[in-house]
Amino acid sequence: MTTVTVRMMKFTKQNFIFLVGGIIIYVVDIGVDFWVAMKYFCQGQYCWGILILCFRGLSSLITQVFSYEWFKNDWEGTDTGKRKWIFLVHLFQCGIFIRYWFALKYGCQAAFKQKSRRDTSETDPPNFIQKQAVDVVTDINMLRVFKTFLETTPQLFVQIYILMEHGKNNFCQYAAIIMSFCGISFSMVDYQISLRKSLPDKDEFRVLPKLVYLLYKLLTITSWILSISLITLLSVRSSVILLIFLWICGFTWTLKQHTTFCKSKKMEHLYRTVVGIILIFTFFNIKGRKTKVCISIYYATHTVVTLGILFVYMFWKPSIIKQIHFTIVSILTILSLVLGVIFLVVYYRHFHPTAYCRPQACSDEADGEAGQKDIVEIGRFQNFIMQ
């Protein structure tokens with residue numbers, strides 16, 4: 001008889017508190033989006049208001065599609081009436097609230113009512129609740145990653161462009177931009193924490209690795225968004241062409257990786273399309289393979305493009321270089337790029353797991369069907385983006 005020991009990560013009270021905070025932030029974010037859009041409409045800047053709402057609508061539509069697809073996959077064989085009800089909820093763009101309800105339900109049970117051992121089987125009742133809580137929160141954080149790069153990042157890009165184009169020094173706008181940068185980075189960290197909890201035998205994300213990873217993401221994304229904003233200020237057409245080219249490169253690379261995240265081909269193509277958008281702004285290892293070469297090429301390309309943009313300004317529009325905002329943005333761009341790459345090297349050298357799944361410890365050899373019963377079922381999370 002084969003005995004497999006699986007180390008399960010615990011869903012703690014701290015995780016539950018962060019979950020409640022995430023719900024509050026999500027609701028506030030919806031209100032802020034509409035408030036910003038209405039502010040632009042009141043100022044007669046209809047183009048910017050419509051653009052903000054379009055990013056919001058596209059993000060909501062895509063996340064609801066993925067959320068419903070996951071519910072449909074998880075509830076195969078269940079009552080069709082329940083699935084129709086879930087479809088209607090997602091149709092009215094409220095699917096994320098159903099997920100938050102399940103997260104609160106399982107999270108409360110796991111954090112306050114269950115005492116789970118670290119080394120036990122996934123099928124034990126206490127650990128089953130722990131796994132349910134971790135899995136549903138990981139789903140939510142995955143949807144947050146999609147939302148971050150389909151909505152928050154483009155909106156942030158638009159805000160920076162408006163600020164640089166019109167040159168208005170508004171403290172609230174600066175604060176909003178800084179908070180957006182931090183929000184993007186924290187969503188990546190939250191996702192990585194949930195991913196490590198959901199995958200068997202993956203080390204827990206401790207405080208120092210979290211900090212290094214946060215700084216790596218925050219600084220590299222900041223540098224890249226500022227670079228894109230600079231080229232947009234120079235030429236909107238050039239910026240659009242560059243973004244489309246980068247998306248094509250990311251989408252093509254995703255196709256060559258033969259990802260298997262979704263069960264249906266249509267959803268898999270949508271997934272690859274979204275991943276292509278994410279790859280415009282930050283690097284992901286979408287198959288859990290060694291990425292030393294890929295990540296080196298990725299950030300080397302970002303460095304070359306960033307330096308190229310600054311040199312173009314020097315020779316094309318030297319008059320802009322004398323302006324104070326250009327000097328500040330240029331210094332922030334280069335400084336954040338250098339520091340971001342340093343933290344990247346530190347993270348991948350000292351804190352990144354060398355393997356996503358280590359061999360399971362067994363008391364004896366597998367015995368045919370008896371051994372197969374103890375194999376941990378591979379879920380959707382093994383096909384998630386592994387960073």
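Every value quoted in this text rests on a predicted model; they were computed, and no experiment measured them.
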Student: For F97, which residues count as a ring-ring contact (aromatic ring centres under 6.0 Å, His included) partner, sequence neighbours excluded?
Tutor: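 Y26.
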Student: With sequence neighbours left out, what residues match F87 under ring-ring contact (aromatic ring centres under 6.0 Å, His included)?
Tutor: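 If we apply the ring-ring contact (aromatic ring centres under 6.0 Å, His included) test to F87, skipping adjacent residues, the hits are Y68.
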Student: Without hydrogens or angle criteria, can the side chains of T148 and S187 be said to hold a donor-acceptor pair below 3.5 Å?
Tutor: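 Yes, because at least one side-chain N or O of T148 sits under 3.5 Å from a partner of the opposite role on S187.
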Student: Can you name the residues that form a salt bridge (Lys or Arg N to Asp or Glu O under 4.0 Å) with K210, not counting sequence neighbours?
Tutor: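 K210 satisfies salt bridge (Lys or Arg N to Asp or Glu O under 4.0 Å) with no residue once adjacent residues are dropped.
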Student: On the 0 to 90° scale, with breaks at 30° and 60°, tag the F66-F261 ring pair as parallel, tilted or perpendicular.
Tutor: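 The arrangement is tilted - the two ring planes meet at 30° to 60°.
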Student: Within this structure, what is the CE-CD1 distance for the pair M188 and I221, rounded to the nearest 0.5 Å?
Tutor: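 The CE atom of M188 sits 6.0 Å away from the CD1 atom of I221.
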Student: Mind checking the CG-OG spacing from L337 to S223? Nearest 0.5 Å is all I need.
Tutor: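 Atom-to-atom, L337:CG and S223:OG are 4.0 Å apart.
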Student: For Q155, what residues pass the side-chain hydrogen bond (donor to acceptor under 3.5 Å, both in side chains) criterion, not counting sequence neighbours?
Tutor: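 Partners of Q155 under the side-chain hydrogen bond (donor to acceptor under 3.5 Å, both in side chains) test: none.
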Student: Under a plain distance cut-off of 3.5 Å, with no hydrogens placed, do N141 and T138 share a side-chain donor-acceptor pair?
Tutor: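 No, no side-chain donor-acceptor contact under 3.5 Å.
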Student: Atom SG in C294, atom CG in L279: separation rounded to 0.5 Å?
Tutor: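 The CG atom of L279 is 10.5 Å from SG of C294, to the nearest 0.5 Å.
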Student: Between C262 and E268, which heavy-atom pair has the shortest distance, and what is it?
Tutor: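 Taking every non-hydrogen atom into account, N-OE1, 2.6 Å.
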Student: With salt bridge (Lys or Arg N to Asp or Glu O under 4.0 Å) as the rule and sequence neighbours excluded, what pairs involving residues 326-344 come up?
Tutor: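 For residues 326-344, and leaving out neighbouring residues, there are no salt bridge (Lys or Arg N to Asp or Glu O under 4.0 Å) pairs at all.
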Student: Sequence neighbours left out, what pairs pass salt bridge (Lys or Arg N to Asp or Glu O under 4.0 Å) with at least one residue falling in residues 11-28?
Tutor: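 Qualifying pairs, neighbours excluded: none.
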Student: With K263, which residues qualify under salt bridge (Lys or Arg N to Asp or Glu O under 4.0 Å), at least two apart?
Tutor: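 Salt bridge (Lys or Arg N to Asp or Glu O under 4.0 Å) check on K263 returns E76.
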Student: Apply the test side chain to side chain contact (heavy atoms under 4.5 Å, CB included) to residues I162 and Y40: give CA-CA distance (whole Å), side-chain angles for both, the deciding distance (0.1 Å), then the verdict.
Tutor: CA-CA 11 Å; I162 294 173; Y40 282 130; 3.3 Å; yes
Student: Side-chain donor-acceptor pairs under 3.5 Å in residues 231-244, sequence neighbours left out?
Tutor:
residue, atom, partner, partner atom, Å
T232, OG1, I228, O, 2.7
T232, OG1, S239, OG, 2.7
S235, OG, S238, N, 3.2
S235, OG, S238, OG, 3.0

Student: Look at the rings of F71 and H90 and say which category their plane angle falls in: under 30° parallel, 30 to 60° tilted, over 60° perpendicular.
Tutor: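 Perpendicular.
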Student: Applying ring-ring contact (aromatic ring centres under 6.0 Å, His included), can you list everything that pairs with F251, at least two apart in sequence or on another chain?
Tutor: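 Residues passing ring-ring contact (aromatic ring centres under 6.0 Å, His included) with F251: W247.
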Student: Applying salt bridge (Lys or Arg N to Asp or Glu O under 4.0 Å), can you list everything that pairs with R56, at least two apart in sequence or on another chain?
Tutor: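 Scan of R56 (salt bridge (Lys or Arg N to Asp or Glu O under 4.0 Å), adjacent residues dropped) gives D29, D33, E151.
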Student: Not counting sequence neighbours, which residues clear ring-ring contact (aromatic ring centres under 6.0 Å, His included) with Y298? List them please.
Tutor: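 For Y298 the ring-ring contact (aromatic ring centres under 6.0 Å, His included) partners, ignoring immediate neighbours, are F283, H302.
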Student: Ring-plane angle category for Y46 and F41, please: parallel below 30°, perpendicular beyond 60°, tilted otherwise.
Tutor: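 Answer is tilted, since the angle falls between 30° and 60°.
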Student: Donor-acceptor pair, distance only, cut-off 3.5 Å: does the side chain of Q64 make one with the backbone of G95?
Tutor: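 Answer holds: yes.
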Student: What residues form a side-chain contact (heavy atoms from CB on, under 4.5 Å) with L335, not counting sequence neighbours?
Tutor: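 Scan of L335 (side-chain contact (heavy atoms from CB on, under 4.5 Å), adjacent residues dropped) gives L339.
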